[in-house]
Structure formats: C-alpha cells, structure tokens
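Worksheet: the structure to be examined is printed underneath.
Each chain gets a letter, A, B and so on, in the order the sequences are listed, and its residues count up from 1.
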Protein chains: 2
Amino acid sequence: MNIGQASKATGVTAKMIRYYDEIDLVRPASRTDSNYREYDDRQINELRFIKRARSLGFSMEEITQLLSLWRDRGRPSREVKAIADRHVADLDARIGEMQAMADTLRHLSHCCAGDDRPDCPILADLTEGKEPSDPVKRRPSFNR
Amino acid sequence: MNIGQASKATGVTAKMIRYYDEIDLVRPASRTDSNYREYDDRQINELRFIKRARSLGFSMEEITQLLSLWRDRGRPSREVKAIADRHVADLDARIGEMQAMADTLRHLSHCCAGDDRPDCPILADLTEGKEPSDPVKRRPSFNR
DNA sequence: CTTGACCTTCCCATCATGGGAAGGCCCATC
DNA sequence: GATGGGCCTTCCCATGATGGGAAGGTCAAG
C-alpha cells in the first residue's frame with residue numbers, strides 16, 4: 001500500500017502521514033525500489049489510532065505515550081487511564097475558561113442595544129481593562 | 001513612556017507591544033531621538049483594550065475590527081454586538097466539541113480498571129478507529 | 001567614565017497542518 | 001514503445017501569537 005492508499009484507508013492526509021513518519025510517530029515505512037513508502041496493516045492501524053486519538057484532543061506527546069502503551073502487550077491499564085484522566089482534566093480546565101469568556105460576553109452582549117447608536121457596554125468593558133482572573137498557561141500543542 | 005513602562009502599565013510584554021506595533025494593530029509609536037518607542041495615554045489604553053479582548057478570546061482579526069469600531073465615535077453598536085455574538089457562537093461550538101471529547105473519555109476511563117492488567121477499553125476504542133462525528137473546521141487563530 | 005539596566009533590530013522556535021514547486025515513477029491508452 | 005496524467009518524492013514556506021536570545025546602542029546613577 002502506498003501513501004495515497006494509506007491516506008484513503010485511514011483518512012489521514014498524505015502530508016500528515018509523511019509528517020508522522022518524519023517525527024517517528026509511526027513505525028518507519030519501508031520503501032519500494034523507487035523510494036515510494038509502503039504501508040502494511042500494522043501501520044494502517046497505527047494511523048487510524050492516531051487519527052482517533054487526535055479527534056479526542058490528545059496532543060502528539062500524549063499520543064506518543066499512548067502508542068507505546070498500545071504496542072506493549074504487558075502494559076498496565078493504569079498508565080493508559082492516567083493519561084486519559086489527565087487529558088480530561090485539561091479539557092475541563094479549558095472548557096471552564098472558555099465558558100467564562102462566553103458567559104461574560106453573553107452578558108455584555110445582552111446589555112448592548114445593538115442598534116445605530118454608538119453606546120456599547122461591550123466596548124465599555126474592553127476599555128476598562130479589567131484583569132482576567134488568571135492568565136492560564138496551557139500545556140503546549142493542543143491547537144485545533 | 002518607553003516600552004518597558006508601557007509594558008508595566010498594561011501587562012502586555014514588550015515583545016508583544018513590538019509585535020502589535022509591527023502588524024499595525026496600535027497607533028504607530030513615535031520615537032525619541034535615540035529611536036526608543038514612546039507611548040502616550042491613548043496607546044496605553046489601546047494596549048489595555050487589546051489585552052482585555054485577548055483575555056476574552058478574541059482573535060487578532062476580531063480585535064482589529066473592535067479597535068477600529070472603538071476609535072470610531074459614530075459606530076453603530078450593532079456592529080460591535082455582531083462581532084461579540086459571532087465570537088460567542090464560536091466559543092460555544094468549541095466548548096461543545098471539547099465537551100464531547102471529555103464525555104467520551106470520561107466514559108472510557110470509567111470503564112477502565114486502571115490496574116496492572118493490560119486490558120483497556122480506552123485503547124480498545126482508539127483501536128477501532130471510529131470516525132469523529134464531524135471534522136470541524138474552525139476559524140484560524142484562536143490558539144492560547 | 002563605568003556599569004548595569006534598558007532599548008533597538010534580527011533571527012529562530014513553537015505545533016500541526018497545508019500549499020506548492022521541481023523532479024521522478026507508474027500505468028493505461030494510443 | 002511513446003505519451004500523458006496522476007501519482008510519488010523531497011524541499012521550502014506559511015500559519016498565529018508568543019517567547020528566547022544575540023549583538024549592539026542608550027540612559028542614568030554612581
């Protein structure tokens with residue numbers, strides 16, 4: 001299976017497959033005589049795994065760990081659970097922050113006439129330069 | 001006021017002040033004879049505005065628009081409200097996605113023994129390569 | 001006049017992803 | 001067996017907001 005077929009089979013773009021290859025996330029692809037990458041079922045499954053894990057918001061760092069546990073038949077499920085739980089806590093923290101932003105804005109918007117006049121509580125709030133409760137530092141790499 | 005004082009006065013790092021300067025987000029800083037940036041109250045207020053807007057999750061793009069409305073005394077509050085409402089919808093969408101991720105993971109984690117044994121519903125789920133409901137495309141630039 | 005704290009610009013890195021160019025390969029159709 | 005279109009390869013660049021750091025100029029207090 002070449003990269004295009006692997007891409008179709010997994011839903012991961014060829015670009016990203018090459019990237020995962022480059023950062024050694026997946027087992028190294030073997031190459032044909034003409035230097036085409038060749039993927040077998042094992043790698044296809046790894047790519048699917050990565051895709052699903054990304055869709056659950058895991059960072060590449062976490063996925064590296066998850067993949068290594070996945071490959072290890074003797075893994076303790078405790079370790080997998082720990083990674084998942086940490087990620088859930090991370091998600092919850094971010095959800096909380098965004099919820100706070102949305103709530104604040106909903107309130108301000110509700111107080112804004114939204115007509116032709118210039119008076120606007122939203123701008124007024126921004127002008128006051130209130131401090132946010134805490135400039136939260138997040139673990140790197142959960143863009144999307 | 002030089003950049004360091006402006007930074008202290010607004011809580012925006014000097015690095016970021018220079019960046020906002022570079023992308024013409026704030027009014028251009030005047031310079032002293034020795035090429036130091038000089039900020040007046042107007043610009044200090046703009047920096048505070050930006051800071052507060054960032055803390056509410058607005059993208060630079062949105063902040064550009066908000067700043068321009070802020071500077072315009074004749075703005076219709078409708079336009080400000082529209083930007084805010086769009087942003088709230090964006091936040092809500094993202095919150096929804098993350099909530100779904102967290103809920104899924106909470107369920108899986110709950111089903112995982114988390115002991116020395118290797119069996120793990122979390123890994124099992126990742127292995128199945130289920131499709132996420134929909135690969136949501138978000139507007140660029142809301143990292144943090 | 002020295003010293004240390006500040007300022008300047010310039011370059012590089014992040015993280016996951018996509019765009020695109022230049023060149024090589026494969027297969028089907030003429 | 002040549003041609004063409006659709007693959008593949010590598011390489012470089014961009015994103016968005018932010019920080020790190022180097023090299024060199026400036027200011028103010030001692």
Take the protein atom [atom1] of [X] and the nucleotide atom [atom2] of [N], then report the distance between them rounded to whole Å.
X       : N      : atom1 : atom2 : answer
A:Ile50 : C:dC15 : CD1   : P     : 17 Å
B:Arg18 : C:dC6  : CZ    : C1'   : 10 Å
A:Gln5  : D:dC8  : CD    : P     : 8 Å
A:Ile3  : C:dC25 : CD1   : C1'   : 15 Å
B:Asp33 : D:dC27 : CG    : P     : 8 Å
A:Lys15 : D:dT10 : NZ    : P     : 11 Å
B:Ile23 : D:dG16 : CD1   : P     : 10 Å
A:Asn2  : C:dG24 : CG    : C1'   : 15 Å

Can you tell which of [options] lies closest to the side chain of [X]?
X       : options                : result
B:Thr13 : C:dA16, D:dG19, C:dG18 : D:dG19
B:Tyr36 : D:dG25, D:dT9, C:dA16  : D:dG25
B:Ser59 : D:dA17, C:dC25, C:dT8  : D:dA17
B:Arg54 : C:dT17, D:dT9, D:dA17  : D:dA17

Around atom CZ of B:Arg117, are there more than 12 heavy atoms from other residues, nucleotides or ligands closer than 6.0 Å?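 No.
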Salt bridge (Lys or Arg N to Asp or Glu O under 4.0 Å) assessment of B:Arg94 paired with B:Asp90: CA-CA 6 Å; B:Arg94 257 163 315 149; B:Asp90 195 27; 2.9 Å; yes
Please test A:Leu69 against A:Ile83 for side-chain contact (heavy atoms from CB on, under 4.5 Å), starting from the C-alpha separation and ending with a verdict. CA-CA 11 Å; A:Leu69 289 169; A:Ile83 294 172; 3.8 Å; yes
For A:Ser34 and for A:Tyr19, find the nucleotide of DNA chain C with the closest heavy atom, then tell me which residue's nucleotide is more 5'.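 Nearer the 5' end of the strand: A:Tyr19.
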Regarding B:Thr32, tell me which of base, sugar-phosphate or nothing describes its non-hydrogen contacts under 4.0 Å with the strands shown.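 B:Thr32: no heavy atom of the nucleic acid under 4.0 Å.
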Categorize B:Arg37 for me: base, sugar-phosphate, or nothing, with a 4.0 angstrom heavy-atom threshold over every strand shown. sugar-phosphate
Does any donor atom in the side chain of A:Ser68 or A:Gln65 lie under 3.5 Å from an acceptor atom in the other side chain? no
For residues B:Tyr20 and B:Ile44: do they belong to one hydrophobic cluster (side chain heavy atoms under 4.5 Å, members Ile, Leu, Val, Met, Phe, Trp, Tyr)?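 As far as the 4.5 Å side-chain criterion goes, B:Ile44 and B:Tyr20 are connected within one cluster.
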Check the phosphate of D:dT18 against B:Tyr20, side-chain N and O only, distance under 4.0 Å to OP1 or OP2. Yes or no? yes
OP1 or OP2 of C:dT9 less than 4.0 angstrom from a side-chain nitrogen or oxygen of B:Arg31, does that happen here? yes
